Amino acid sequence: MKLVMLGAPGAGKGSQAITLSEKLNIPHISTGDIFRANIKEGTPLGVKAKEFIDKGELVPDELVTDLVVDRVGKDDCKNGYILDGFPRTIPQARDLKKALEDKAMKIDFAINLLVDDDVIVGRMGGRRACLNCGATYHIVNMPPKKEGICDHCGERLVLRDDDKPETVKNRLTVYHEKTQPLIDFYKEEGCLVDIDGTKAPDEVFKDITRAIGV
Ligand code: AMP
């Protein structure tokens, strides 16, 4: 099954994608995580991407799409994958569609997590992330078992630079301008699933699995 997670930054895409990936046994591919790993390692891609990420802007399409198309062509993606944070623009969605069509494939579901902006702003300040495995938590709504430590890999949790309030505002503006149009794109493709993302994470997970029949 090939899934795309849609929704504003902080809507819960990453957390739901990790749980879905464990349930379906297919890879979770987060472009944000790929960029952060490259930044950590100081690769040329990381250096270029950091300029945009730190300002809350999108990394240019040409630095993203080929990377994802390559990734989904790998062996471990044979049974499907979950794209989290990609596509984020109409050109990215069109290029992905074309690359899949060339192999007679398509996205099965685009899961759209609906959360209002004011809820997002409240969530992001309390968000803590693991820069090692990409898991995210919330100090109140979804705390890790041990304070400040990742449940999945034991690394220390941090407030990401791009989760700081001034950057979050910019990310939301960019989301409405560039990414929200994807909702109509996938509606027209006939694979959009709207999910109320304001419920508790396990309720959201149940709603998703029910909606996609797994
Ligand atoms: P995320 O962890 O998905 O919120 O991504 C963090 C940041 O990485 C975003 O704010 C963007 O700057 C960048 N990024 C991630 N995915 C993409 C994408 N598909 N297109 C452009 N920029 C991206």
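Note that the coordinates shown come from a computational prediction; the quantities given were computed from them, not determined experimentally. Order of appearance sets the numbers: ligands from 1, and atoms from 1 within every ligand.
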* L58: which other cluster members, linking ILVMFWY side chains closer than 4.5 Å, directly or transitively? ->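 Grouped by the 4.5 Å side-chain rule, V174 form the rest of the cluster around L58.
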* Asked: Who else is in the cluster with I26 when I, L, V, M, F, W and Y are joined by side-chain contacts under 4.5 Å?
  -> M1, L3, M5, L20, L24, I82, F109, I111, L113, V193, I195, V204, F205, I208, I212, V214
* Salt bridge flag under 4.0 Å for residues K97 and E189 ->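 Salt bridge flag = yes for E189 with K97.
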* Asked: Exactly which residues line ligand 1, taking a heavy atom under 4.0 Å from it as the test?
  -> T31, G32, F35, R36, I53, E57, L58, V59, V64, G85, F86, R88, Q92, R160, D162, R171
* Cluster question for you: counting only ILVMFWY and a side-chain heavy-atom cut-off of under 4.5 Å, with indirect links fine, are I39 and F52 together? ->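 The answer is yes; both residues are in one hydrophobic cluster.
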* Asked: Would you say N79 has more than 12 foreign heavy atoms packed within less than 6.0 Å of its CG?
  -> no
* To do: Please list, chain by chain and in numerical order, all residues satisfying side-chain hydrogen bond (donor to acceptor under 3.5 Å, both in side chains) with H176, sequence neighbours excluded.
  => D117, Q180
